[in-house]
Amino acid sequence: MQTATIAPQTPTLPPFTALVAAWNEGENLEAHIRSFRALRWPGAQLVLCAGGEDGTYQRALALADEDVAVLEQKPGMGKQRALREALKHARHDLIFLTDADCLYDRPSLEALLKPLAEGRYQAATGGSRPLPRQAGSALAEYQSARDLRYFDQMGPEADGLLGRNAALTREALRQAGDLSEDVATGTDYHLAKKLREAGIKIAYVKESRVESEYPDTPASYLSRQRRWIKNLAVHDPRKNRPALFKSAALAALSLLGPLGLMFNLNGFTALLCAPFLLALASRYRDLIYAAKAGGAFDLKTYLAVPYFALLDQIAVLGALWDLQTPQRRTRW
């Protein structure tokens, strides 16, 4: 009996170069590279600028080959400079930006690159979803539900880029400055701003949702959320600082009600709870939307929503606090 052989899958799109800045990502690196190779995408290239105290660079070197190039990321380089160095080694016109804690998958990547390969856009971005191993994590499920509704409400074009799932042509990057400016934090927001200034539209591809490691502890979630919110105000202060001040005022009001209930329950404290109850309603609406779309969430995720909503308010106030000094403003 003759054994059938399975030929490598041939993509319908041209090859691409993935640029990844990996700092202290030793635990995620092997799975990231393994998923890249599993694409079996002829000509695809991965350029890693890797470093950190956990041996990320050494681990990456051990996994390098002709399609996985590894550069050393020195302390203090930062993500922007690391990507800039990686770009110098890119072989292809299509550039994919992602993170080392993400996994590649063919359907998401083909959907994302398609509008660029067809010449309809020079830049595109998509969404994300938690890693399979994060199934059952209440905090990851909460973020996933909120992301799903947010991304599904977007139109055919986006104002920004999701740094872990974005694609550009080399010409678009050239017009946006080739990552030449030093940016301490918010590299994806800064790049999207430069693209808009160059008149380059960004396609939003809802079918593209990469698997990514979501924060699954309160500390890591707060750190990321306050950084993201702060970056909006840092890179576009005229537009986003007034919005941040308004959001911070609402966050403070949302926290007053639950704090008041800890000390005294009366009509006034019940009234103070109204902003927080509105925040809860918004978040439960997102969970219900995601559940109707096929998501399966544990009961503990629904029960934890009030706690996660409190974290969201604290993150907004933390972002406002971080804006007050240059050191905190530029901290990753």
Side-chain angles (χ1 to χ4, degrees), residues 21 78-80 97 99 101 125-128 130 139-151 153-154 158-166 183-196 202 204 212-259 275-276 278-283 285-287 304-332:
K79 184 176 182 179
Q80 177 86 346
L97 301 178
D99 293 336
D101 60 4
T125 193
S128 64
L139 186 51
E141 288 182 352
Y142 168 76
Q143 296 168 79
S144 176
R146 302 212 71 202
D147 282 354
L148 178 64
R149 190 167 189 275
Y150 172 79
F151 290 130
Q153 288 182 324
M154 291 184 65
D159 290 330
L161 292 170
L162 186 66
R164 56 186 178 272
N165 188 17
V183 179
T185 183
T187 56
D188 48 359
Y189 192 93
H190 181 266
L191 177 56
K193 182 180 177 182
K194 300 297 289 185
L195 289 170
R196 293 196 305 269
I202 303 170
Y204 173 66
S212 175
E213 184 178 42
Y214 277 55
D216 52 11
T217 66
S220 62
Y221 178 68
L222 275 174
S223 176
R224 191 184 75 168
Q225 290 299 105
R226 67 190 290 178
R227 185 178 77 246
W228 282 2
I229 297 168
K230 175 198 66 178
N231 288 341
L232 296 176
V234 167
H235 291 293
D236 201 344
R238 181 175 297 181
K239 174 184 176 183
N240 293 320
R241 286 203 180 193
L244 175 56
F245 284 118
K246 180 180 178 181
S247 297
L250 289 173
L253 282 174
S254 296
L255 291 173
L256 282 177
L259 287 174
F276 185 68
L278 289 173
L280 281 183
S282 172
R283 285 153 177 78
R285 179 190 60 194
D286 293 344
L287 278 173
V305 167
Y307 175 58
F308 297 152
L310 287 173
L311 293 180
D312 289 338
Q313 314 313 312
I314 294 170
V316 172
L317 295 174
L320 182 62
W321 171 255
D322 289 340
L323 279 177
Q324 304 312 307
T325 66
Q327 182 179 8
R328 291 196 302 269
R329 197 178 303 133
T330 58
R331 184 173 55 197
W332 179 258

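Note that the structure is a prediction, hence the values are computed from the model and not measured.
Side-chain atoms of Arg146 do not come within 3.5 Å of backbone N or O of Asp286 as any donor-acceptor pair. When atom types are taken as modelled, the side chain of Ser254 and the backbone of Leu250 share a donor-acceptor pair closer than 3.5 angstrom. Using a distance-only test at 3.5 Å, with no hydrogens or angles considered, no donor-acceptor pair links the side chain of Arg149 to the main chain of Ala145. Here the side chain of Lys193 pairs no donor or acceptor atom with the backbone of Asp236 at under 3.5 angstrom. The backbone N or O of Gly127 sits less than 3.5 Å from a side-chain atom of Asn165, completing a donor-acceptor pair. Remark: the backbone N or O of Arg227 is paired with a side-chain donor or acceptor of Asn231 at under 3.5 angstrom. The main-chain N or O of Leu162 is found under 3.5 Å from a side-chain atom of Thr125 such that the two form a donor-acceptor pair.
With Lys79 as reference, Asp99 is the one residue of Thr185, Asp99, Asp188 to meet the side chain to side chain donor-acceptor pair (under 3.5 Å) rule.
Tyr142 and Tyr221 have perpendicular rings, their planes meeting at more than 60° on a 0 to 90° scale where under 30° would count as parallel.
Between the CE atom in Met154 and the CG atom in Asp159 there is a gap of 7.0 Å [rounded to 0.5 Å]. One finds the CG atom of Leu139 at 7.5 Å from the CG atom of Leu311 (value rounded to the nearest 0.5 Å). Once rounded to the nearest 0.5 Å, the distance linking CG of Leu148 with CD of Gln143 reads 13.5 Å. We find the CZ-CZ distance between Arg238 and Arg241 to be 12.5 Å, quoted to the nearest 0.5 Å. Annotation: the span from Asp216 atom CG to Glu141 atom CD amounts to 11.5 Å, rounded to 0.5 Å. Rounded to the nearest 0.5 Å, atoms CH2 (Trp321) and NZ (Lys230) are 14.0 Å apart.
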Q) Could you go step by step and tell me if Phe151 and Tyr204 meet the side-chain contact (heavy atoms from CB on, under 4.5 Å) rule? A) CA-CA 9 Å; Phe151 290 130; Tyr204 173 66; 2.9 Å; yes
Q: For Phe276 and Leu310, run side-chain contact (heavy atoms from CB on, under 4.5 Å): C-alpha distance rounded to whole Å, both residues' side-chain angles, the deciding distance at 0.1 Å, then the answer.
A: CA-CA 8 Å; Phe276 185 68; Leu310 287 173; 3.6 Å; yes
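Annotation: side chain of Leu320 is in contact with side chain of Leu244 (closest heavy-atom distance under 4.5 Å). With contacts defined as side-chain heavy-atom distances shorter than 4.5 Å, the pair Thr187/Leu97 does not qualify.
Scanning both residues, Gln313 and Ala279, for their nearest heavy atoms gives NE2-CB, 4.1 Å. Considering all non-hydrogen atoms of both residues, Ala192 and Ile202 come closest at CB-CD1, 4.1 Å. The shortest heavy-atom contact between Ala315 and Gln225 is CB-CB, 3.7 Å. Closest non-hydrogen pair, Ala309 versus Leu280, comes out as CB-CD2, 3.9 Å. The two residues Asp147 and Ser128 have their closest heavy-atom pair at OD2-OG, 4.1 Å.
Within the cation-pi definition used here (under 6.0 Å to the ring centroid, within 45° of the axis), Arg164 qualifies as a partner of Tyr214.
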